[in-house]
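Comments concern the structure below.
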Amino acid sequence: MKSILFIHQSAELYGSDKTLLILLENIDRNRFLPVVVLPNDGPLKSEIEKIGIKVIITPVLKLYRNIFTFKNGIKFVKDMFNSVSLLNKLHKEHKFEIVYSNTLAVLLGAIFSNKKKIKHIWHVHEIIEHPKLIAWLFPKLLYYFSNTIICNSEATKKNIIIREKNNLKKTVVVHNGIQFKEITNPLIKADFGYTEKDIIITLVGRISRLKGHHWLLQTFNAYFKNSGNIKLLFVGSPVPKQEYYLQNIEEYIASNNLSKVVKIIPFILDLKGIWSITDIALMPSTEKESFGLVAAEAMMAKKPVIAANHGGLTEIVVDNETGFLVEPNNKDALKDALEKLITNPELRTSFGEKGFLRVIENFSIQKYIQKIEYILENN
């Protein structure tokens, strides 16, 4: 049995958090013994512990813009010594054969695996293009500090290869797997204060600068605010210490008299109820998504998806078949796509059915786990 140390950047349950949880829930525990390191407590920690996997809390050494100040640099070094010391103790107990860093954001895996001469798998869930220094640095780190690089899309792979061509030889693409969860007790629109005649347009995701909330709001305000039965539903919360993104959205809603047609619900663990009342799912990301898990989850729930035409989303949504791909930040393009689906319920149903079949065929849990386990077995 191979002991594997998984290191992850957060304890929430958004995209990369969910993919790690799915892997841990389905990995063959007769062949692999996982131990997980997280930077803090949170819902991901609780879910992992429910399936009987050990979770350790310690700094995972994230690289961020302000790290190069004297104060933050000292803290980084102190955290590094403390975390490596803790992992040394874990290694004596479990004799890890692989260190698995889940996302680029964590440097602890690269440092510890290099120190102990343990094979290092780096699973990349990000497309980093800014700031330029970080975008240049990470592909170099991948080359020097990993044995295998897993990318969650061809778009993610392309982003690291163009900056470091030598990564090509050690990079493999494994699209995320989507858990099928049948909606057995669907909620109704009235449960959320809507009427059955309302068309619910849902955006699930962090409230941040790149998820496209403002693009959608501006489009809605320009073209749909007086349509009566068209409503926007935002589901998600801001990153801690970035609550100003939520405040900006709330201010826009208030200043444009949209409070009766736009509802914001904080992050929730179970989205089945949200999808059961949704008519159209949106991923209007203003920057490239590395994959776009929400789009695949919406398609699994048989919802048509409108997504920005860049990044990993182009590998999930098939334009004019499972939804629409629209030019990023183009209000007219987004308006046109929305109108086609708002006015045509048969098209919504057709796109939803085709999207469901596409996810089952291309993004199944079985394929995802099989590919990851093959990589673990052969490293």
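- Within the 4.5 Å cutoff, side-chain heavy atoms of Leu108 are placed close to those of Leu87.
- Ring planes of Phe267 and Tyr14: tilted class, angle from 30 to 60°.
- For Phe291 and Phe363, the distance between ring centers is under 6.0 angstrom.
- Side-chain contact between Ile375 and Val174 is present, with at least one heavy-atom pair separated by less than 4.5 Å.
- Ring planes of Phe234 and His213: perpendicular class, angle over 60° (limits at 30 and 60°).
- Looking at Ser290, its side chain does come within 3.5 Å of a backbone N or O of His125 through a donor-acceptor pair.
- The hydrophobic clustering, which links ILVMFWY residues whose side-chain heavy atoms are closer than 4.5 Å, places Leu210 and Leu217 apart.
- Each of Ile7, Leu61, Val99, Leu90 was scored for a side chain to side chain contact (heavy atoms under 4.5 Å, CB included) with Phe112, with one residue passing: Val99.
- By the neighbour-count criterion of 12 heavy atoms within 6.0 Å, atom NZ of Lys165 is sparsely surrounded, having that number or fewer from other residues, nucleotides or ligands.
- Hydrophobic clustering places Ile22 together with Leu38 (ILVMFWY residues linked when any side-chain heavy atoms are closer than 4.5 Å, directly or through intermediates).
- Judged purely by atom type and a 3.5 angstrom limit, Ser146 has no side-chain atom pairing as donor or acceptor with the backbone of Ile149.
- Remark: the Ser83 side chain and the Asp79 side chain contain no N/O donor-acceptor pair separated by less than 3.5 Å.
- Within a 6.0 Å sphere centred on CD of Gln370, other residues, nucleotides and ligands contribute 12 heavy atoms or fewer.
- Between Lys2 and Glu373, none of the side-chain N atoms (NZ, or NE/NH1/NH2) sits under 4.0 Å from a carboxylate O, so this pair counts as no salt bridge.
- Each of Thr19, Leu293, Ile360 was evaluated against Ile178; a single residue qualifies, Leu293, per the side chain to side chain contact (heavy atoms under 4.5 Å, CB included) test.
- Under a hydrophobic clustering in which Ile, Leu, Val, Met, Phe, Trp and Tyr are joined whenever their side-chain heavy atoms come within less than 4.5 Å, directly or via other members, Leu104 and Val239 fall into different clusters.
- A donor atom on one side chain and an acceptor atom on the other are not found under 3.5 Å apart for His175 and Lys367.
- Linking ILVMFWY side-chain heavy atoms closer than 4.5 Å, directly or via other members, places Leu168 and Trp122 in a single hydrophobic cluster.
- Few gaps surround OH on Tyr244; more than 12 heavy atoms of other groups in view lie less than 6.0 Å from it.
- The existence of a salt bridge linking Asp198 and Lys231 is confirmed by a sub-4.0 Å separation between a basic side-chain nitrogen and an acidic carboxylate oxygen.
- Side chain of His310 to backbone of Ser285: a donor-acceptor contact under 3.5 angstrom is found.
- A salt bridge links Glu297 to Lys18: one of the charged nitrogens lies within less than 4.0 Å of a carboxylate oxygen.
- A salt bridge links Arg209 with Glu287: the closest approach of a Lys/Arg side-chain nitrogen to an acidic carboxylate oxygen falls below 4.0 angstrom.
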Using side-chain hydrogen bond (donor to acceptor under 3.5 Å, both in side chains), reason through Asn229 and Tyr194 one step at a time and then give a plain yes or no. CA-CA 9 Å; Asn229 69 325; Tyr194 300 119; over 6 Å; no
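- No donor-acceptor contact under 3.5 angstrom links the side chains of Ser101 and His123, judged on distance only.
- Around CZ of Phe192, the count of heavy atoms belonging to other residues, nucleotides or ligands within 6.0 Å exceeds 12.
- Atom NZ of Lys157 has more than 12 heavy atoms from other residues, nucleotides or ligands within 6.0 Å.
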